[in-house]
Amino acid sequence: MNKREELIIKYAAELKRKFGIDADMDLLTKITIGCGPSIYNLDSSTVSSSDASELETVKEKFLIKKLGLSDSPKLDESIAKIMDEYGRTNRTKYRVVVYYLLTKHFGRESVY
C-alpha cells in the first residue's frame, strides 16, 4: 500500500469517527488526488479554522474555483459550520476531509 492509499484510509476513518459518515471512497480518492502533493506536507494537509486567510483560500480556491460556486455569504457560513462540527479546538482538521464535507454539502460530486 502506498502513502496516498494510507492517507485515504486515514481520511475515511476520520469521517467515520468524527462525523459518523461512511465515505464514498471513489469521491474521497478523487478529492485526495485533486489536492496533489499538499497532502504529504504537515502544514498544507490541514486547515486552520483560526486563520482567516486560510478559510478565505478554502472559499476562493476550492468552493469558487474548483466547485464553481458563486461567492456569497452562504459559502462562509458553510465553511464555519464544518469548522464547528470538526471542532475549532481540534488542531488537525484534514484538508481532504473538509473538502469532502463541502463537496457533499453543496451536492457538487459531479465536479469529480
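Everything numeric in this text was worked out from a predicted model, so none of it was measured. One is the number of the first residue; the rest follow in order along the sequence.
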- Message: Classify the ring geometry of Y99 against F62: parallel below 30°, tilted from 30° to 60°, perpendicular beyond 60°.
- Response: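 Geometry flag for F62 against Y99: parallel rings.
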
[X] [atom1] to [Y] [atom2] distance, which is reported to the nearest 0.5 Å:
{"X": "T92", "Y": "E14", "atom1": "OG1", "atom2": "CD", "result": "8.0 Å"}
{"X": "L28", "Y": "D22", "atom1": "CG", "atom2": "CG", "result": "12.0 Å"}
{"X": "E54", "Y": "S48", "atom1": "CD", "atom2": "OG", "result": "5.5 Å"}
{"X": "K74", "Y": "D76", "atom1": "NZ", "atom2": "CG", "result": "12.5 Å"}
{"X": "I39", "Y": "Y94", "atom1": "CD1", "atom2": "OH", "result": "12.0 Å"}
{"X": "L63", "Y": "I79", "atom1": "CG", "atom2": "CD1", "result": "5.0 Å"}

- R17 atom CZ: more than 12 heavy-atom contacts under 6.0 Å: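 Above 12, so yes.
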
- Of the options I64, L67, L55, V58, which is the one that meets L75 in a side-chain contact (heavy atoms from CB on, under 4.5 Å)?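 The passing option is I64.
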
Are [X] and [Y] side-chain neighbours, meaning at least one heavy-atom pair lies under 4.5 Å?
{"X": "Y11", "Y": "I31", "value": "no"}
{"X": "I9", "Y": "M1", "value": "yes"}
{"X": "D71", "Y": "K59", "value": "yes"}

- Answer yes or no: is there a donor N or O on one side and an acceptor on the other, between the side chain of R95 and the main chain of S44, under 3.5 Å?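 Yes: the side chain of R95 pairs with the backbone of S44.
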
- Could you pull out all residues at least two apart from D51 that satisfy salt bridge (Lys or Arg N to Asp or Glu O under 4.0 Å)?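 By the salt bridge (Lys or Arg N to Asp or Glu O under 4.0 Å) rule, D51 matches no residue at all.
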
- Task: Sequence neighbours left out, what passes salt bridge (Lys or Arg N to Asp or Glu O under 4.0 Å) with D43? Give chain and number order.
- Result: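 Not a single residue meets the salt bridge (Lys or Arg N to Asp or Glu O under 4.0 Å) criterion with D43.
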
- Item | Note: E60-K65 ion pair, threshold 4.0 Å (strictly below) |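 No, no charged N to carboxylate O under 4.0 Å.
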
- Query: Would you call E85-K81 a salt bridge at under 4.0 Å N-O?
  - Reply: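 Counted as a salt bridge, because a side-chain N and a carboxylate O are separated by less than 4.0 Å.
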
